[in-house]
2 protein chains.
Amino acid sequence: MPHISTIESAASILRRRILDGALGPGARLPEEQTSAELSVSRHTLRAALRQLVAEGLLRHEPHRGVHVPILTPADVRDVFRLRRLIELDAVEGIAITGDVPRAAVEAVDGLVALGRTAGWHEVVEPDLRFHSALVDAAGSLRLARTYAAIQAEIAYCLVQLRPHYDRPEQVAREHRELLDAIVARNAALAVELMRTHLLDAEAHLLGALPESSRDRTLTTWKE
Amino acid sequence: MPHISTIESAASILRRRILDGALGPGARLPEEQTSAELSVSRHTLRAALRQLVAEGLLRHEPHRGVHVPILTPADVRDVFRLRRLIELDAVEGIAITGDVPRAAVEAVDGLVALGRTAGWHEVVEPDLRFHSALVDAAGSLRLARTYAAIQAEIAYCLVQLRPHYDRPEQVAREHRELLDAIVARNAALAVELMRTHLLDAEAHLLGALPESSRDRTLTTWKE
DNA sequence: ACGGCGGCGATTGTTCCACAACTCTGTGGC
DNA sequence: GCCACAGAGTTGTGGAACAATCGCCGCCGT
């Protein structure tokens, strides 16, 4: 039934583990052991790892295996710099053409429907969907591909922010305003709202990060 | 002895073949045959192909192998859109900080040193070096990584433009002006020069492309 | 003729096994 | 204490085999 290749499914299992926090920063992924856990051969596992490395979710060092990277404040700034570049361009284009993707509207609707005690996953998921829907709608295959690559890292950033990400109603309001500006085809306002939204998220993340950027040691790996 | 892995060297051989035009648009790369040619195992070859697919130099279709993509005008526009986004941001940053990378200066020196009958390779190589030096100097790892990914496609665009890329002195002059604006820390001028430079290149490419892209309107990625 | 139906060869996807190449660690000599 | 070195464990690469899938071609019924 799955038209999905084994390696893709292996990759997505690992991706989920990283984004769920089951594999913490610095965790190593021994090939033998990991391939056994996923019931795939070592070759297939290596292909999946390669893909995740290309996505930026894992790092590879020759003859030393792959490991979950430990994000530094510089990394966060770097990710958000590229993110701003892409999303601001996308939002501007969409606000001008008025070609608002349905998925973005639905994602925002989902956000505003959340109560103020919504869990982390319930908030983050539509948030990510909203942003990627916008970028996808920008009509550039390569822009979308690039964004997809760093969104994995963005999500990974947000994982570390989980305990601090506790104001769903504010997130919903900001996105609603942003979407309104877009459908009103007020490009200048939309871009400005997006910029402050992203800068806020970055600042929030940077403020929450330091404590977690040095607590875990490199040998953490759990089963 | 090079600590270069077998798969990296295989990938770079194939990369060169594509950029040299030895593998034309639409060419297929059968695993058995190609791995035999490169004297590597199929596993290693597949890993190399995977990498080139991630770089955008090859396309992969399940159970149908990989092939050199056929660029459409839409592809060229797409590549240059992302390219503009990245390079304009990088140039602006560098022109503000005044932190001009030595490699960029050397690349431009190389360009101006060329005679008007310089061959295609002699022009394109320092051109690419100049642009990637600027992006590298922007101080963003992910920006540089993204640019490196699409520069492969840029080079692949230029390959198809080879017969039309015949005015080395104009290329040299434009780059010299751009570099001067940067060292003069005139950010606005530098950005403007870069923008027109890139738009020119794109228009030039689009004008030269139709003959080779009209045979197959393509977009094989329809799945 | 025409358009499915099914088999067949070729290519890709995945696995198992083996071994070389390399890193890491701990032990012993100095 | 420091260096060297052997040993264990992990990663990198190769070879062969088999399963899964695609494309093609001929067969057949209408």
Side-chain angles (χ1 to χ4, degrees), chain A residues 1-15 17-18 23 26-55 57-70 216-223, chain B residues 1-15 17-18 23-24 26-55 57-70 216 218-223:
Chain A
M1 112 129 47
H3 306 78
I4 282 292
S5 69
T6 309
I7 136 171
E8 281 305 326
S9 70
S12 56
I13 291 177
L14 291 178
R15 196 181 295 117
R17 283 195 190 177
I18 296 169
L23 290 171
R28 293 174 175 276
L29 293 172
E31 299 184 354
E32 195 91 39
Q33 186 160 2
T34 311
S35 62
E37 277 180 37
L38 301 186
S39 305
V40 299
S41 80
R42 214 157 66 88
H43 286 296
T44 307
L45 191 265
R46 280 168 66 82
L49 293 180
R50 229 165 247 290
Q51 168 141 355
L52 295 174
V53 167
E55 290 178 16
L57 269 182
L58 292 175
R59 289 192 198 286
H60 169 88
E61 293 174 83
H63 295 284
R64 298 171 82 218
V66 304
H67 59 90
V68 183
I70 301 177
R216 288 250 179 171
T217 99
L218 284 137
T219 53
T220 13
W221 95 273
K222 54 179 298 186
E223 49 78 45
Chain B
M1 221 46 87
H3 306 76
I4 202 84
S5 70
T6 308
I7 137 172
E8 280 306 326
S9 70
S12 56
I13 290 176
L14 291 177
R15 197 181 295 117
R17 282 194 190 177
I18 296 169
L23 290 171
R28 293 178 174 277
L29 293 176
E31 298 183 354
E32 195 84 41
Q33 179 178 338
T34 310
S35 62
E37 277 181 36
L38 300 186
S39 305
V40 299
S41 79
R42 249 183 81 209
H43 291 299
T44 307
L45 191 264
R46 280 169 67 82
L49 293 180
R50 229 165 248 291
Q51 166 137 0
L52 294 174
V53 167
E55 291 178 16
L57 269 182
L58 292 175
R59 299 239 155 125
H60 168 88
E61 293 174 80
H63 295 282
R64 292 160 97 237
V66 304
H67 59 87
V68 183
I70 302 176
R216 259 297 199 189
L218 142 92
T219 64
T220 67
W221 87 298
K222 175 215 163 306
E223 275 8 64

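In what follows, every chain begins at residue 1, and chains take the letters A, B, ... in the order their sequences are listed.
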**Student:** Quickly work out the B:Leu38 CG to D:dG14 C1' distance and round it to whole Å.
**Tutor:**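 It is 15 Å, rounded to the nearest whole Å.
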**Student:** Could you walk me through whether A:Leu14 and A:Leu57 pass the side chain to side chain contact (heavy atoms under 4.5 Å, CB included) test, one step at a time?
**Tutor:** CA-CA 10 Å; A:Leu14 291 178; A:Leu57 269 182; over 6 Å; no
**Student:** Nearest-Å distance, CD1 (B:Ile7) to C1' (C:dA21)?
**Tutor:**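 Rounding to the nearest Å, CD1 of B:Ile7 and C1' of C:dA21 are 16 Å apart.
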**Student:** To the nearest 0.5 Å, what is the distance between CZ on A:Arg28 and OG1 on A:Thr34?
**Tutor:**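 Between atom CZ of A:Arg28 and atom OG1 of A:Thr34 there are 12.0 Å.
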**Student:** Can you check whether B:Arg64 has a side-chain N or O nearer than 4.0 Å to OP1 or OP2 of C:dT11?
**Tutor:** no
**Student:** Working to the nearest 0.5 angstrom, can you tell me the gap between A:Arg15 CZ and A:Leu58 CG?
**Tutor:** 10.0 Å
**Student:** Give a yes/no on whether any side-chain N or O of A:Arg46 is located under 4.0 angstrom from OP1 or OP2 of D:dG12.
**Tutor:** yes
**Student:** Rounded to whole angstrom units, what separation is found between the CD atom of A:Gln51 and the P atom of C:dG13?
**Tutor:** 13 Å
**Student:** Give a yes/no answer on whether the side chain of A:Ser41 brings an N or O atom under 4.0 Å of OP1 or OP2 in C:dT14.
**Tutor:** no
**Student:** Are any non-hydrogen side-chain atoms of A:Val53 and A:Arg50 less than 4.5 angstrom apart?
**Tutor:** no
**Student:** Rounding to a whole Å, what distance do you find between B:Glu61:CD and C:dG13:P?
**Tutor:** 11 Å
**Student:** Taking NE2 from B:His63 and C1' from C:dT14, how many angstroms apart are they, rounded to a whole number?
**Tutor:** 10 Å
**Student:** So, is B:His60 close to the C:dT11 phosphate, meaning a side-chain N or O under 4.0 Å from OP1 or OP2?
**Tutor:**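 So the side-chain polar atoms of B:His60 never come under 4.0 Å of the phosphate oxygens OP1 or OP2 of C:dT11.
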**Student:** So for B:His43 and D:dG12, does any side-chain atom that can act as donor or acceptor lie under 3.5 Å from a complementary atom in the base?
**Tutor:** no
**Student:** Would you kindly compare B:Arg42 and B:Leu45 by the position of their nearest DNA chain D nucleotide and give the one closer to the 5′ end?
**Tutor:**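 Here B:Leu45 is the residue nearer the 5' end.
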**Student:** Which value, rounded to the nearest 0.5 Å, describes the distance between B:Ile18 atom CD1 and B:Leu29 atom CG?
**Tutor:**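 Answer for the CD1-CG pair, B:Ile18 versus B:Leu29, is 6.5 Å.
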**Student:** Of the listed nucleotides (D:dT13, C:dT14, D:dT11), which one gets closest to any side-chain atom of A:Glu32?
**Tutor:** D:dT11
**Student:** Check whether any side-chain N or O of A:Thr44 sits under 4.0 Å from OP1 or OP2 of C:dT14, and answer yes or no.
**Tutor:** no
**Student:** Please report, rounded to the nearest Å, how far the P atom of C:dT11 is from the CD atom of B:Glu31.
**Tutor:**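 Those two atoms, CD and P, are 11 Å apart.
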**Student:** In whole angstrom, what separates B:Leu49's CG from C:dT11's P?
**Tutor:** 15 Å
